[in-house]
Amino acid sequence: MFLKEQEQINQNIIEFLNKQGYPGREDLEWSAIPFSGDWGISTSFFKIAAQHARDLRQKGEQPPPVSELAQTIADQVRQNIGIPSGFKRVDAVHGYLNLFYEPLEFSRRVIDTVLEQGNRFGWGHKKGKRILVEFSQPNTHKAFHVGHLRNVVLGDALCNILEAAGNEVIRTNYINDTGLHVIKWLWNYRKFHDGEEPGEDKTRWMGDLYAEANKRLEENPELENEVRALYARWDRRDPDIMALWERTRQWSLEGFDQIYALLGIRFDHIFYDHELEKPGQDLVEELIRKGIAIDERPQGPVIIRIDDLLGLKKETYRVLVVLRSDGTSLYATKDLPLAIKKFEMFNPDLSVYVIDVRQSLYLQQIYKTLALMGHPDWAERCFHFSYEIVNLPGNVTIASREGTVVLLEDLVREAQQRALGVVKEKNPSLSVQEMIEVARVVALGAIKYPMLARDNTKVVTFDWQSALDFNGQAAPYIQYAHVRANSILRKLGESIPEAPSFQSELHPTEVQLIELIARLPNEIQRAAQEMKPLHLTNLAYELARAFNDFYAECPVLKAEGPIRANRLRLVAAAQQAIANVLNLLGISAPEVM
RNA sequence: GCCCCAGUAGCUCAAUGGACAGAGCAGUAGCCUUCUAAGCUAUUGGUUGUGGGUUCGAAUCCCGCCUGGGGCGCCA
C-alpha cells in the first residue's frame, strides 16, 4: 500500500551501497516489521555482508563475522538515509534496518483507501489472464459428504481469490452422471426398488441406495454379471435404460442444486460426462490409429504406455488405461476430450483441476497424454490443485461405498441447531427469523472454515466435537468481530464522520489493527499467486483478533472529538476489511449474532 | 519394488530461508452498572521425528534413516 515510499527508499539504499563499494544488488527484500505494535517496513543486509566477506577473503583479508558486518552496513545506511519523509524513526538493529511509519499519516491513508474502495478494497488490477477452474465434480447416484465439502469450499474460495487478484475466472463443474457406479445404482433400483421415489432429502436417498447396491454385490459377487449386462445395455443406449437413467439422474441433480444453493456456490458452466462419452470413445479410436494407444481388445483394454512414448527409462507416468476391454468408457476416456473441450470453448491461460491428492498420478497422465496427442501448449497450461482428503477419527476413510459417511445435510443441520441454541442464549432480543438466519450463517461459516484453514497437504480429520465448537480460532470468532464493529456503527446512528484535520496519538491496538488492514491487498495477491486460501484465513483471524483487542482497549462512542471520529472511521474500515476477507473465503459476515 | 505427502506444545494447527517458533483447544487464576463476554487479561506448556549437509542464518532447502498416510492396467 506504500509501494512508492518503499521503492524510493530501496533506490536510495542501493545507490548508497554501490557508492560505498559493497557488492551490487538490484533489489532489497522488504517485509513488515514483525513486532506487534510497531508499524513499518524492514530489510536486512546479511546477504550483502556475506558476499562482502567472501570478496574480502578472496583478497586475502580477514573479514569480521557476517552478523557484525551486516550491522555495520545497517548503521551506515541508517546514517545516510536519515529519516525519509512519512517515517518517524529508523533503527539499525541486529543487521536489520527498520523504518517505522509516521502512523498518523499512514493510518489516515489506509482508512481513507478502505472507505473509498469499500467492498473492492484489496482487489487487484486486471491482469488480462483467464483461468478456468473445475471443482466439485460430484457423482450422481451417490452421497454428498464432508469429504466433498472440502473440494467445494476450496474451489469456491480459490475462484474468489483468483478473481479478486485481477484474473478472469470461469467456474466450472464436471458432474459424473455415467459410469459403473451409476449402473450399479440402476441395477439395484430396478431389482429391489422399482417405482420408488425419493423423499425430501434426495441426495441422502440416492446415497443410501448406492451403498445398498454395493452391499448386495459384495454379499453375492455372482450378481456382477447382471451389472455388466446392464452396462452393455447402457452402452447400446437401450431406450428403457436411458429413460430410467434420465429420471434418476435428475433426482441427484436437484439434490446438488439444493446443496450448492445452501453453500452459496455458483458455476458458470457445467460439464456432464455423458456428453463426453461418445467423443471419448471416438478419441480413443483416433489414438489407436495414430499409434499412441495400444489396442489389446478383446483380451485386454486400450492402454497408453506413456513412459515408452516419452522415452523414459525410469517408471514415471506408467500406463494409462483409456478404454475397457469391452469398449465401455472410463474416467480417462472422458477426461481427455474434456481437457480439449475446455480449451476449445474458453481458451484459458490456465486450466485448474481441484481434485484430491489421490488422483495426482492420474492427472499427470492425462496432461502428458494431452501433450502426446499434439497439444503440448495446452498440457502446460493444466494445473492440478491438489488437496488431502477428509478422514474420520481413527484414520477412517470416508467411503460412500461402505456407508462410512458424514452427510453434509446432517452436518449442516446439527451445526445450525447448535448455533441456534447459542444465539437464543446470547442475543434473545432478536426475532425468530433473525435467529434462524444468524444460525444458518454461523453454522455454514463454522463448517467451511476448517476446510480452508489448514494447508492443502494436511489431512483434515472430521470430528463432531470440534466441528461444532464455535469458540476460539473459528469462523464465528471472526464473524463476531464483524458484528461488534457493526454494532458500534449502528449505535452511532448517523453516517461515518469525515476525517478530522487534527489527529492524535494512536493506541498500540489501533496501530496493529491498521497494519493488518493494510496487508489485505498483498495477501490477496499472495494467496492467488501461491493458490493458498490459507493465507487469507490466517489474515481473517488475525484481523478479528486485532479488532477484539482494539475493542477491549479503546472506547469509540464514548471517546471525544477527533479521537472519536478517527476511531469510528477505523471501526468502519476494519469491518469492511473483515467482510471482504470473509467473502473471499465464501463465508458470510453477519450484522448481528 | 517405484513414486508422492505428512511428522512443530497434551490435542488441532500457524509460521515469504531471517529477529525471541506463534495461535486455538484443554488446564489454572481473573474481568460483564462501561460500544454484544461467541469476548478480553494473566499463566502453564518446545532438543520443530532422527542423523548428516548447504548457508552469515534452517521448522523451512539437499541426502540418509524412522513412523504414519496415499498412489501405482480395465474404480472414480
Would you give a per-nucleotide map of nucleotides 58-65 of chain B, 5' to 3', where B means the base has a protein non-hydrogen atom under 4.0 Å away, S means only the sugar-phosphate does, and - means neither?
--------

Can you tell me the distance, in whole Å, between the [atom1] atom of [X] and the [atom2] atom of [N]?
X	N	atom1	atom2	value
A:Y449	B:G24	OH	P	12 Å
A:L312	B:C3	CG	C1'	13 Å
A:F462	B:C11	CZ	P	21 Å
A:D463	B:A26	CG	P	13 Å
A:Y541	B:C25	OH	C1'	10 Å
A:E591	B:C35	CD	P	20 Å
A:I41	B:A19	CD1	C1'	17 Å

Residue met sooner reading RNA chain B from 5', once A:Q299 and A:T397 are mapped to nucleotides:
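The residue whose closest nucleotide sits nearer the 5' end is A:T397.
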
Could you say whether A:V438 or A:R54 is positioned toward the 5' end of RNA chain B, judged by the nucleotide with the nearest heavy atom to each?
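Its nearest nucleotide lies further toward 5', so the answer is A:V438.
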
Proximity to the side chain of [X] - top-ranked nucleotide from [options]:
X	options	result
A:N538	B:A15, B:A6, B:A38	B:A15
A:V556	B:C40, B:C35, B:C25	B:C35
A:L361	B:A19, B:G71, B:G1	B:G71
A:A552	B:C74, B:A38, B:C40	B:C40

Just call it for [X]: base, sugar-phosphate, or nothing, with non-hydrogen atoms closer than 4.0 Å on any strand.
X	result
A:T316	nothing
A:S360	nothing
A:D549	sugar-phosphate
A:V322	nothing
A:I303	base
A:V571	nothing
A:V302	nothing
A:N98	base
A:Q359	base
A:N427	base
A:N139	sugar-phosphate
A:L534	sugar-phosphate
A:V422	base
A:K142	nothing

Across all strands shown, which nucleotide pairs with [N] by Watson-Crick or G-U wobble geometry, both distances under 3.5 Å?
N	result
B:A58	none
B:G30	B:C40
B:C65	B:G49
B:G17	none
B:C35	none
B:C72	B:G1

When you measure only distances, ignoring hydrogens and angles, does the side chain of [X] come within 3.5 Å of the base of [N] through a donor and an acceptor?
X	N	answer
A:R324	B:G73	no
A:S466	B:U12	no
A:D455	B:A15	no
A:R454	B:C13	no
A:S44	B:A19	no
A:S325	B:C74	yes

Mind telling me whether B:C72 is syn or anti, cutoff 90° either side of 0?
anti

Using the glycosidic torsion, which applies to B:G73: syn (within 90° of 0) or anti (everything else)?
syn

Donor-acceptor pair between [X] and [Y] side chains, under 3.5 angstrom:
X	Y	value
A:W234	A:E277	yes
A:R228	A:N225	yes
A:N98	A:S42	yes
A:K532	A:N456	no

Using the [atom1] atom on both, measure [N] against [M] and round to a whole Å.
N	M	atom1	value
B:U60	B:U16	P	13 Å
B:G22	B:U28	P	25 Å
B:C3	B:G53	P	25 Å

Could you tell me if the ring centre of A:Y317 sits under 6.0 Å from that of A:Y367?
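For A:Y317 and A:Y367, the ring centres are not under 6.0 Å apart.
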
Are A:Y96 and A:F46 close enough that their ring centres sit under 6.0 Å apart?
yes

Full working for side chain to side chain contact (heavy atoms under 4.5 Å, CB included) between A:F547 and A:E542:
CA-CA 8 Å; A:F547 184 82; A:E542 283 178 42; over 6 Å; no

Of the options A:D91, A:V90, A:I33, A:T43, which is the one that meets A:L99 in a side-chain contact (heavy atoms from CB on, under 4.5 Å)?
A:V90

Any donor-acceptor pair under 3.5 Å from A:Q359 side chain to A:D356 backbone:
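Between the backbone of A:D356 and the side chain of A:Q359 there is no qualifying donor-acceptor contact (under 3.5 Å).
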
Say whether, by atom type as modelled, one donor and one acceptor occur between the side chain of A:H181 and the main chain of A:T140 under 3.5 angstrom.
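Yes, the answer is positive, given that a donor and an acceptor are paired below the 3.5 Å cut-off.
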
So, is the end of the A:R249 side chain (NZ or CZ) under 6.0 Å from the ring centre of A:Y272 and within 45° of the ring's axis?
yes

